[in-house]
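Shown next, in structure tokens, is the structure this report addresses.
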Amino acid sequence: MSIPRRVRIVEVGPRDGLQNEGVVLPVEIKAALIEKLAAAGLGDIEAGSFVSAKRVPQMADTKAVLARLRPPPHVHLSALIPNRRGLEEALAGGLRGVAVFAAATETFSKENIGCSIAESLARYAPLVEAAVGAGLDVRGYVSCALGCPFEGDVAPRAVADLARDLAALGCGEISLGDTIGVGAPLQARRLVEAVGRDVPVAQIAVHFHDTYGQALANIFATLEMGVGVVDASVAGLGGCPFAPGAGGNVATEDVVYMLEHSGIETGVDLAALIDAGVFICERLGRESRSRAARALLARRRRDPGA
Ligand code: HMG
Ligand code: MG
């Protein structure tokens with residue numbers, strides 16, 4: 001076992017979380033959420049996306065959200081971009097990173113970004129080159145890494161090929177997305193094994209949705225293989241608007257609880273993170289999906305001094 005002593009959490013709630021919530025929040029609430037997450041010690045936050053407003057109305061005001069933020073220098077903000085226009089917006093917004101997103105199956109690729117896998121790679125090649133040239137960190141997502149809502153099972157080889165191609169374009173980090181949250185721990189292990197033959201494990205991040213309650217177990221299985229970067233979403237917000245049945249992302253509070261109680265550092269203040277989760281759930285008018293947050297809030301109510 002080579003479990004890392006410290007894990008970097010990439011907080012995707014403001015993007016992957018809010019993009020799938022029915023309520024479109026005002027700009028100032030989104031900005032306040034990002035500030036609270038940063039204040040809780042999350043140093044890597046996906047703040048939004050620059051995509052079609054018709055397709056994802058929840059992200060239409062990412063530019064205005066960024067304009068309100070004054071992140072401390074150690075906080076790395078990024079956004080999802082599908083094209084050159086997105087890159088220009090990201091640069092104008094002062095972001096430090098961008099993420100391009102491809103899919104392991106043809107049907108999901110078409111549904112999500114309107115083109116084939118090969119076409120997406122051809123689009124991303126000059127985009128990633130330009131982003132790297134502009135000094136940005138570039139992440140590449142592989143969606144449907146453990147299953148597709150349209151095509152079912154996905155072969156690890158297909159994911160590994162795409163991960164290798166994205167890394168070859170210049171993506172410094174490859175996030176393996178279980179978009180619909182169907183994978184189980186040994187599948188997650190096999191996936192990292194397969195991808196790890198083509199992409200160094202130090203470059204691999206894992207992105208689990210918790211539809212079937214497998215996300216924490218999957219994360220731990222991949223940490224045991226040396227993965228040190230984990231995506232999570234405050235309060236378990238989220239899903240994917242183009243993945244029918246996709247549940248929320250794994251809750252950041254649950255990931256932090258699991259890691260810190262296992263002696264693995266995250267740099268995150270769990271109490272402050274829980275407060276950020278309460279803030280956003282109140283604004284959305286919904287319950288947190290984080291088990292750890294619910295348990296710790298119940299304990300706070302029983303014993304306010306604890
Ligand atoms: P297209 O129709 O091929 O391209 O869409 P287009 O150039 O004709 O643009 C369509 C419309 O989008 C136009 O507006 C453009 O102006 C606008 P209209 O003329 O119809 O009013 N547009 C943009 N607006 C703002 N910023 C931009 C931009 N580019 C075009 N950068 C496109 C192609 C990719 C743009 C479209 O299909 C799209 O936006 N898709 C949405 C994809 C998306 O955001 N999906 C959810 C995120 S992925 C995910 O959640 C999975 C992940 O979490 C990992 C996992 O869980 O596995 C990452
Ligand atoms: Mg996702």
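In each ligand, atom 1 is the first atom listed, and ligand 1 is the first ligand listed.
Of the candidates D231, L146, V142, I113, the one placing a heavy atom closest to atom 5 (O) of ligand 1 is I113. Nearest-heavy-atom check against atom 31 (N) of ligand 1 across N83, V51, V100, L87 picks out N83.
Counted by atom type alone, E106 and S116 present zero donor-acceptor pairs between their side chains at under 3.5 Å. When only modelled atom types and interatomic distance are considered, E46 and S78 share no side-chain donor-acceptor pair under 3.5 Å. Residues T62 and E89 bring no donor and acceptor atom of their side chains to less than 3.5 Å of each other.
At a heavy-atom distance under 4.0 Å, only side-chain atoms of R15, from C-beta outward, approach ligand 1. Proximity of S52 to ligand 1, defined as any heavy-atom pair under 4.0 Å, is shared by backbone and side chain alike. Using a 4.0 Å cut-off between heavy atoms, N249 makes no contact with ligand 1 at all. Under 4.0 angstrom from ligand 1, there are no non-hydrogen atoms of M59. Under 4.0 angstrom from ligand 1, there are no non-hydrogen atoms of I81. Residue D16 touches ligand 1 through its side chain alone, judged by heavy-atom distances below 4.0 Å. Contact annotation: for T179 versus ligand 1, heavy atoms closer than 4.0 Å belong to both the backbone and the side chain. No part of E89 comes within 4.0 Å of ligand 1, judged by heavy-atom distances.
By the 3.5 Å distance cut-off applied to N or O atoms, H207 is counted among the residues near ligand 1. Backbone and side-chain nitrogen or oxygen atoms of R85 are examined, and one is located within less than 3.5 angstrom of a nitrogen or oxygen of ligand 1. Of the N or O atoms in K54, one or more lie within a sub-3.5 Å distance of an N or O in ligand 1. Considering backbone and side-chain N/O atoms, A53 never comes within less than 3.5 Å of an N/O atom of ligand 1.
Of all atoms in ligand 1, listed by their number and element, those nearer than 4.0 Å to a heavy atom of H209 are 56 (O). Within ligand 1, the atoms closer than 4.0 Å to a non-hydrogen atom of G86 are 31 (N), numbered from 1 in the order shown. Counting the atoms of ligand 1 from 1 in the order shown, those under 4.0 Å from a heavy atom of N112 are 37 (O), 40 (N), 41 (C), 42 (C), 43 (C), 45 (N), 46 (C), 48 (S). Atoms of ligand 1 lying under 4.0 Å from at least one heavy atom of G177, given by number and element, are 57 (O). The distance from ligand 1 to the heavy atoms of L80 drops below 4.0 Å at these ligand atoms: 47 (C).
Under a 4.0 Å N-O distance rule, the pair R139/D231 qualifies as a salt bridge. No salt bridge links K36 with D275; every basic N to acidic carboxylate O contact stays at or beyond 4.0 Å. Look at D210 and R291 and you find no salt bridge, because none of the NZ, NE, NH1 or NH2 atoms lies under 4.0 Å from a carboxylate O. By the 4.0 Å N-to-carboxylate-O rule, R157 lies close enough to D161 to be salt-bridged with it. Note on R294 versus E253: no salt bridge recorded, every NZ/NE/NH1/NH2 to OD/OE distance being 4.0 Å or above. In summary, D61 and K30 engage in a salt bridge, as defined by a charged side-chain N under 4.0 Å from a carboxylate O.
If you put the vertex on the Mg ion (ligand 2), NE2 of H209 and NE2 of H207 sit 90° apart, to the nearest 10°.
Inter-residue side-chain proximity for T211 and V182 is flagged as unmet; no heavy-atom pair is nearer than 4.5 Å.
Atom CD1 of residue I9 and atom OG1 of residue T266 lie 5.0 Å apart, to the nearest 0.5 angstrom.
Among the heteroatoms counted here (N, O or S) of D16, OD2 is the one nearest to the Mg ion (ligand 2).
Here the options are C171, P82, S120, the test is side chain to side chain contact (heavy atoms under 4.5 Å, CB included), and the partner is V100; only C171 passes.
In this structure, H209 has its ring center under 6.0 Å from that of H207.
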